[in-house]
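Comments concern the structure below.
Note that the coordinates shown come from a computational prediction; the quantities given were computed from them, not determined experimentally. Residue numbers begin at 1 in each chain, while the letters A, B, ... track the order of the sequences.
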Amino acid sequence: MNAKTTIKPVRWVQKNLFNTPYNAVLTILCVWILWSISSSLFSWLGQSEWTVISENLRLFLVGRFPETQLWRMGAIVTIPILIASTLVVRRSQAWNFVLIPVGLGTIAWLANGGFGLPLIRSSLWGGLFLTLFAAAISTALAFPLGLLLALGRRSELPVIRGISTIYIELVRGLPLIGILFMAQVMLPLVVPFRLDRLLRAILGLTFFNAAYLAENIRSGLQSLPSGQSEAARSLGLNSIQTLRFIILPQALRLVTPAIVGQFISLFKDTSLLALFALFELTGIARSILSQPQFLGRNGEVYLFIGLIYWMFCFGLSQFSKRLEVRSS
Amino acid sequence: MINTIKTETPILIANDVSKWFGKFQVLRNANLQVKAGEVVVIMGPSGSGKSTFIRTFNALEPYQEGRITIDGIPLTEDIQNIDQIRQNVGMVFQQFNLFPHLTVLENITLAPIQVRKFTKTQANEIALRLLDRVGILEQAQKYPGKLSGGQQQRVAIARALAMEPKIMLFDEPTSSLDPEMVREVLDVMRSLAKSGMTMLVVTHEVGFAREVADRVIFMDAGQVIEDTTPAEFFTQPKEARSKLFLSQIL
């Protein structure tokens with residue numbers, strides 16, 4: 001052991017934490033706050049009981065989905081992965097039009113049942129699976145709707161521009177919770193067939209997020225110099241080809257971080273579905289906590305589901321970071 | 001007495017073209033006729049409408065009065081005519097306007113594949129030949145951002161040529177280049193002119209105009225003021241405004 005290694009930390013503390021009286025006071029204050037928070041946290045951890053998690057693990061993951069039908073969930077998760085990887089490997093346009101509708105149809109069939117499969121009511125759906133399902137479906141629906149609204153708002157046709165603008169400004173002026181209530185109450189009035197409660201909630205999330213996505217995408221469209229579309233048009237590309245090959249690839253790449261940010265907030269917003277008797281992660285947590293044997297275990301349960309939300313959101317933001325690095 | 005060369009019909013006819021930006025009139029009854037194989041240089045002070053004028057020839061700018069006919073096709077609001085004319089008219093911009101998300105090769109092959117329905121192999125073959133012609137074959141797989149201004153503009157020329165246009169429009173092709181890169185672009189344009197391409201060039205490059213142009217058009221305030229040979233234009237301009245302009249740039 002030489003003298004340097006022992007002296008260095010002391011020097012570092014002196015230089016960075018106690019270099020002025022003011023900083024010394026701040027350091028002591030911060031240490032005291034950290035100490036009091038962590039000591040109470042540790043004493044809580046000491047008396048916490050995690051059986052509430054381990055005994056209900058299945059409820060947290062899949063809700064009250066019938067055990068014999070769990071393979072359907074597996075299939076619902078696998079199908080999009082299969083489609084995505086096929087589309088990456090075979091970069092052909094024709095496959096898009098066949099695989100995506102077929103895949104979505106199969107998912108709808110597996111989710112709902114019928115045609116030989118037992119029906120599963122959405123009240124049996126729950127847990128992390130429902131959270132992911134609701135988030136994924138609304139994301140998949142909100143993105144194309146947002147794209148159309150963004151293009152509509154820049155359209156030269158006054159009617160389309162007007163409708164898109166009114167929609168976007170209307171939705172952005174309303175709180176999400178209000179839109180979710182409206183979707184529950186008003187959609188059955190305007191849609192001729194019966195919409196499931198879960199479907200109404202997913203549509204509410206979709207309508208809300210599409211408006212925000214539209215504005216994100218529009219900012220990307222607007223930041224492209226007009227020379228790009230002029231060059232494309234002067235080469236004889238028509239307006240759809242110009243959009244597809246020149247404008248959208250660049251505009252969407254520019255706003256990828258904003259779009260992923262919107263997806264992250266959509267993922268977290270699924271927790272509001274608990275207010276509509278849906279048992280996604282937050283809903284199932286609340287119903288577990290209302291059982292007599294788990295009364296008072298709020299800390300453990302909410303910490304656990306908080307960790308799950310965080311893991312997925314953090315994963316998404318890391319994904320977006322990697323996309324940014326790759327595209328620059 | 002018998003004038004055989006001049007009897008062919010012009011490939012580009014602009015008759016009394018007028019255009020307004022709001023209340024401001026940018027083109028006032030501008031007239032121009034260009035024959036196949038001619039190289040026409042358009043000069044004039046900034047704001048004279050010369051860029052706007054050539055941008056009307058591929059419908060990047062609409063015009064309100066007059067008539068434009070290109071290769072026998074009237075340029076109207078008919079979208080089919082516009083699409084057809086754009087395939088026959090190539091354009092090179094001051095700011096290059098290459099597509100930054102595509103490689104040099106993809107920049108060139110995109111339109112031949114999507115519009116002319118060439119196969120990828122055909123389009124690549126054409127693109128590589130053109131890149132060789134403009135002297136940057138080795139840059140084919142790079143992205144435009146990695147190229148110098150002069151190289152980018154040469155890619156832009158190759159990209160326009162890949163559609164096998166009958167007319168090439170150049171809108172101040174060297175104005176945003178560093179001085180040492182102007183020559184490499186002008187050299188490409190010079191050899192293009194020699195190959196018999198019909199060219200309309202808006203430029204301030206007097207040397208290029210003197211050496212390559214068949215005709216010089218002088219525009220001011222949205223009008224074509226003079227339409228003459230380069231020798232005449234640079235030595236004995238007729239109009240006072242041409243004289244003033246030349247005294248400023250020569």
Side-chain angles (χ1 to χ4, degrees), chain A residues 88-97 147 150-151 154-158 160 216-217 219-259 320 322-328, chain B residues 51 54-62 79-102 106-117 120 123 143-145 152-153 155-165 167-171 176:
Chain A
V88 168
V89 176
R90 301 183 149 266
R91 291 177 145 269
S92 108
Q93 302 300 326
W95 283 87
N96 281 324
F97 295 104
L147 183 58
L151 295 174
R154 283 167 55 87
S155 166
E156 283 167 16
L157 304 169
I160 293 180
N216 289 338
I217 295 171
S219 78
L221 293 172
Q222 252 155 2
S223 61
L224 288 187
S226 60
Q228 288 293 307
S229 61
E230 283 179 0
R233 302 310 298 272
S234 79
L235 286 166
L237 295 164
N238 62 33
S239 50
I240 290 172
Q241 290 170 326
T242 302
L243 205 60
R244 185 168 141 214
F245 296 110
I246 306 302
I247 305 301
L248 285 183
Q250 295 187 64
L252 292 180
R253 206 171 289 185
L254 277 171
V255 295
T256 302
I259 290 177
S320 127
R322 273 181 44 192
L323 280 185
E324 275 175 72
V325 171
R326 225 177 52 183
S327 66
S328 65
Chain B
S51 284
I54 72 163
R55 281 162 61 90
T56 59
F57 299 152
N58 65 355
L60 284 185
E61 299 282 355
I79 195 76
Q80 278 191 329
N81 283 10
I82 291 180
D83 281 346
Q84 212 175 343
I85 285 174
R86 279 177 174 158
Q87 293 182 35
N88 287 336
V89 180
M91 179 136 189
V92 174
F93 299 85
Q94 182 179 350
Q95 302 295 341
F96 328 136
N97 294 346
L98 293 180
F99 308 130
H101 62 301
L102 301 177
E106 289 164 341
N107 261 277
I108 302 175
T109 57
L110 178 67
I113 291 173
Q114 297 301 331
V115 182
R116 291 236 189 271
K117 307 295 175 198
K120 204 176 168 191
Y143 283 90
Q152 288 194 45
Q153 193 61 299
V155 173
I157 294 173
R159 179 176 70 176
L161 289 176
M163 288 296 284
E164 294 164 350
I167 304 176
M168 284 283 284
L169 308 174
F170 293 83
D171 187 4
S176 54

With a 4.5 angstrom heavy-atom cut-off, could you sort out which part of B:Phe99 is near chain A: side chain, backbone, both or neither?
both

When the 4.5 angstrom heavy-atom criterion is applied to B:Leu98 and chain A, the contacting part is backbone

Over all heavy atoms of both residues, which pair between A:Leu235 and B:Val115 is shortest? Give the atoms and the distance, please.
O-CG2, 4.3 Å

Hey, which of B:Ala111, B:Ala59, B:Ala160 has the most heavy atom pairs under 4.5 Å with chain A?
B:Ala111

Partner set under ring pair (Phe, Tyr, Trp, His ring centres under 6.0 Å) for B:Phe57, not counting sequence neighbours
B:Phe53

To the nearest 0.5 Å, what is the distance between CG on A:Leu237 and CG on B:Leu110?
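A:Leu237 atom CG to B:Leu110 atom CG measures 5.0 Å (nearest 0.5 Å).
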
N/O donor-acceptor pairs between chain A and chain B, cut-off 3.5 Å:
residue  : atom : partner  : partner atom : Å
A:Gly227 : O    : B:Asn97  : ND2          : 3.3
A:Gln228 : NE2  : B:Leu98  : O            : 2.8
A:Glu230 : OE1  : B:Arg55  : NH1          : 3.0
A:Glu230 : OE2  : B:Arg55  : NH2          : 2.8
A:Gln241 : NE2  : B:Gln114 : O            : 3.2
A:Phe245 : O    : B:His101 : NE2          : 2.8
A:Gln250 : NE2  : B:His101 : ND1          : 3.4

